[in-house]
Student: 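I'd like to ask you about the structure that follows.
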Amino acid sequence: MYWEQEVEKIGQAKLKKMQLAALQKTIRRAQKSFYYEKLFKDNKLNAKIVKSVSDIQKFPFTIKDDLREHWPYGFVAVPKEKLVRMHSSSGTTGRATVVFHTLRDIAVWTNLLARCMYMVGMRQRDVFQNMMTYGLFTGGLGFHYGAEKIGALIIPAGAGNSKRQIQLMRDFETTVVHVIPSYALHLSTVFAELKLDPRRDTKVRIAFLGAEPHTEKMRKKIEEIYGYKAFNSYGLSEMNGPGVAFECPEQNGMHIWEDSFLVEIVDPKTLQPVADGEEGELVLTSLQREGMPLIRYRTKDLTRIIPGRCPCGRTHRRIERIKGRTDDMLILKGVNIYPMQVEKKLMEIEGVGTNFLIILEREGFNDDMMVKVEVDKKYFSGDMKQLEGLRRKIVEELKSEILITPKVNLVEPDSIPKGEGKAVRVVDNRKD
Ligand code: ADP
Ligand code: ZN
């Protein structure tokens, strides 16, 4: 039994037809907003020029700064009284942006999340603990509504308060959790502190990991510590929030729901479409939204379409795990580095703990990278040679991946501050 078998397995021809109709509708809707009305007029654009979905390429991109500059209501496309909810982005890369929803928008979003959760096995009998911030952030209420639609019992725990999370998990026999990956690792140190083993002392069987980039190694590590299956959940507030793309039971790429989002991958420099299978920036057009439709929104997230069909039978294309944001990229001594490259290597090394931080420094004209890495407690208890050995190994491994030699500083578990939200991976002290 499937939640929405019909739409999840929709044939290509039918999907294209549905997308075209939805796109034309979206353009007509968008035209009613202050921002797009002017943009379309200035560029002589309208719904009539959309004869196939690829005609989307005739429209300009929308970027985060456009949203910021038209704060607060410049993108709203319905009379204000039709709006029932606003959410905002986390503000990871600057001033947060806001998104508005009608009642129908909320219903469509809820459905997408129920589809995601059902896909990986969550059912009415499950107890779902949502460890994401409730409020303006989309991860709380978004998943909450989806889980309610499935009929699960929801524990709206919210983020943080680790000891209480663990107690709730144990007392109410939580079976499904939604958690930020860096927080899942942090929480495992609290389990250890309490002398509990999550594999033995909890009943969680499924986790949704979302909101921040993480590597396959990180997923494996989390799965191993907890003994559950962890599924990657991708979304952004500008496209509702979670429920944009989600891993299926195959755990090999995330199905991006093409009935709700029109997908393009472009070269972030030239902004030209890249060939299928090649990496680039994900660009999305909302296909269902009434309150605040967005056209060709540049997510700044780097990924690629995974070619071929998924063995699960769903026809919506898959995107690869997000490699990072275009603006995450560090340039050091002329080399481009993504924080995820550092994470990938670190997670492979025995003895490395649950958190790390990249610190960039400038001395004179020289830029340096220091990586602070939490390692197992045992390295600090006796022989310092062992610690030095591990440090050297980490330097070598990182060098092989990022091609420059970083300074590495090993620290005890839990000594790098960890908030309850998205992990901070880089501190740049180079700006004077
Ligand atoms: P902000 O852009 O301020 O962080 P959002 O809360 O809307 O605000 O977060 C959306 C962003 O979070 C995405 O554009 C992406 O960079 C990141 N993100 C969300 N889910 C994932 C995921 N599963 N993997 C990698 N990155 C993710
Ligand atoms: Zn699949």
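Here the structure is a predicted model, which is why all the values come from computation and not from measurement. Computed over heavy atoms, backbone and side chain alike; hydrogens, waters and symmetry mates excluded. Just so you know, ligand 1 is whichever comes first in the structure, and atom 1 is the first atom listed for that ligand.
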Student: Would Lys422 count as a contact residue for ligand 1, given that I'm defining contact as a non-hydrogen atom of the residue lying under 4.0 Å from a ligand atom?
Tutor: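 A heavy atom of Lys422 does come that close to ligand 1.
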Student: Identify, for atom 4 (O) of ligand 1, the protein heavy atom at the shortest distance, and state residue, atom and that distance.
Tutor: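 Result for atom 4 (O) of ligand 1: Thr92 OG1, 2.4 Å.
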Student: Determine, using heavy atoms of Met254 and all atoms of ligand 1, whether some pair is separated by less than 4.0 Å.
Tutor: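 Met254: no contact with ligand 1 (<4.0 Å).
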Student: For ligand 1, is any non-hydrogen atom under 4.0 Å from Ser237's backbone (N, CA, C, O), its side chain (CB onward), both, or neither?
Tutor: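 Both of them.
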Student: Given Gly235, Pro242, Ser90, which one has a non-hydrogen atom that is nearest to atom 10 (C) of ligand 1?
Tutor: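 Answer by nearest heavy atom: Gly235.
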Student: I'd like to check Thr26 versus Leu262 (side-chain heavy atoms, cut-off strictly below 4.5 Å). Are they in contact?
Tutor: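 The answer is no; the side chains never approach within 4.5 Å.
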Student: Take a 6.0 Å sphere around NZ of Lys58 and say whether it holds more than 12 heavy atoms from other residues, nucleotides or ligands.
Tutor: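 More than 12 within 6.0 Å, yes.
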Student: Should you measure from each heavy atom of Gly91, which atoms of ligand 1 turn up under 4.0 Å away?
Tutor: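 Per the distance check, 3 (O).
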Student: List the steps and the verdict of side chain to side chain contact (heavy atoms under 4.5 Å, CB included) for Leu346 and Ile394.
Tutor: CA-CA 7 Å; Leu346 288 177; Ile394 293 175; 3.7 Å; yes
Student: Side chain, backbone, both or neither: which part of Lys64 has a heavy atom under 4.0 Å from ligand 1?
Tutor: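 Looking at Lys64 and ligand 1, just side chain atoms fall under 4.0 Å.
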Student: Is any side-chain heavy atom of Arg298 less than 4.5 Å from a side-chain heavy atom of Lys64?
Tutor: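 Counting from C-beta outward, Arg298 and Lys64 never come under 4.5 Å.
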Student: For Ser233, which part has a heavy atom under 4.0 Å from ligand 1: side chain, backbone, both, or neither?
Tutor: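 Ser233 to ligand 1: backbone contact only, side chain stays beyond 4.0 Å.
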Student: Does Glu238 reach the side chain of Ser286, with side-chain heavy atoms less than 4.5 Å apart?
Tutor: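 No, too far: nothing below the 4.5 Å cut-off.
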Student: Between Asn232 and ligand 1, which part of the residue brings a heavy atom under 4.0 Å of the ligand: side chain, backbone, both or neither?
Tutor: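 The side chain, only.
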Student: Could you list which atoms of ligand 1 come closer than 4.0 Å to a heavy atom of Phe137?
Tutor: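 Every atom of ligand 1 under 4.0 Å from some heavy atom of Phe137: 6 (O).
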Student: Can you report which non-hydrogen protein atom sits closest to atom 24 (N) of ligand 1, along with the distance?
Tutor: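 Minimum-distance protein heavy atom for atom 24 (N) of ligand 1 reads Glu212 O, 3.4 Å.
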Student: Which of the numbered atoms in ligand 1 are below 4.0 angstrom from a heavy atom of Ile322?
Tutor: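 In order of number, 24 (N), 25 (C).
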Student: Counting heavy atoms only, which of Asn240, Asp301, Leu302, Thr97 is nearest atom 14 (O) of ligand 1?
Tutor: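 Looking at heavy atoms only, the winner is Asp301.
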Student: Quick test of your reading of the model: are Glu216 and Arg219 salt-bridged, counting only N-O distances below 4.0 Å?
Tutor: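 The answer is yes: the pair qualifies as a salt bridge.
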Student: Calculate the angle formed at the Zn ion (ligand 2) by NE2 in His255 and SG in Cys312; 10° precision is enough.
Tutor: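 Rounding to the nearest 10 degrees gives 100°.
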Student: Report the nearest protein non-hydrogen atom to atom 17 (C) of ligand 1: residue, atom name, distance rounded to 0.1 Å.
Tutor: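 Ranked first by proximity to atom 17 (C) of ligand 1 is Ala211 O, 3.6 Å.
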Student: Does a side-chain N-to-carboxylate-O contact under 4.0 Å join Lys32 and Glu37?
Tutor: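 Salt bridge: no.
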Student: Could you tell me whether some N/O pair between Leu209 and ligand 1 is separated by less than 3.5 angstrom?
Tutor: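 N/O-N/O distance below 3.5 Å does not exist for this pair.
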Student: Above 12 or not: heavy atoms from other molecules or residues under 6.0 Å from OH of Tyr145?
Tutor: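 It does not: Tyr145 OH has 12 such atoms or fewer within range.
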Student: Verify the distance criterion only: is there a donor paired with an acceptor across the side chains of Ser182 and Lys418 at less than 3.5 Å?
Tutor: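 Result is yes, a qualifying pair exists.
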Student: Do Glu320 and Thr303 get their side chains close enough for a donor-acceptor pair, meaning under 3.5 Å?
Tutor: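 Looking only at side-chain atoms, Thr303 and Glu320 do not form any donor-acceptor pair under 3.5 Å.
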Student: Quick one: which ligand 1 atoms are inside 4.0 Å of a heavy atom on Arg325?
Tutor: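 Near Arg325, the atoms of ligand 1 are 1 (P), 2 (O), 4 (O), 11 (C), 12 (O), 16 (O).
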Student: Sort out for me which residue in Trp109, Phe100, Phe137 forms a ring pair (Phe, Tyr, Trp, His ring centres under 6.0 Å) with His87.
Tutor: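 Passing option: Trp109.
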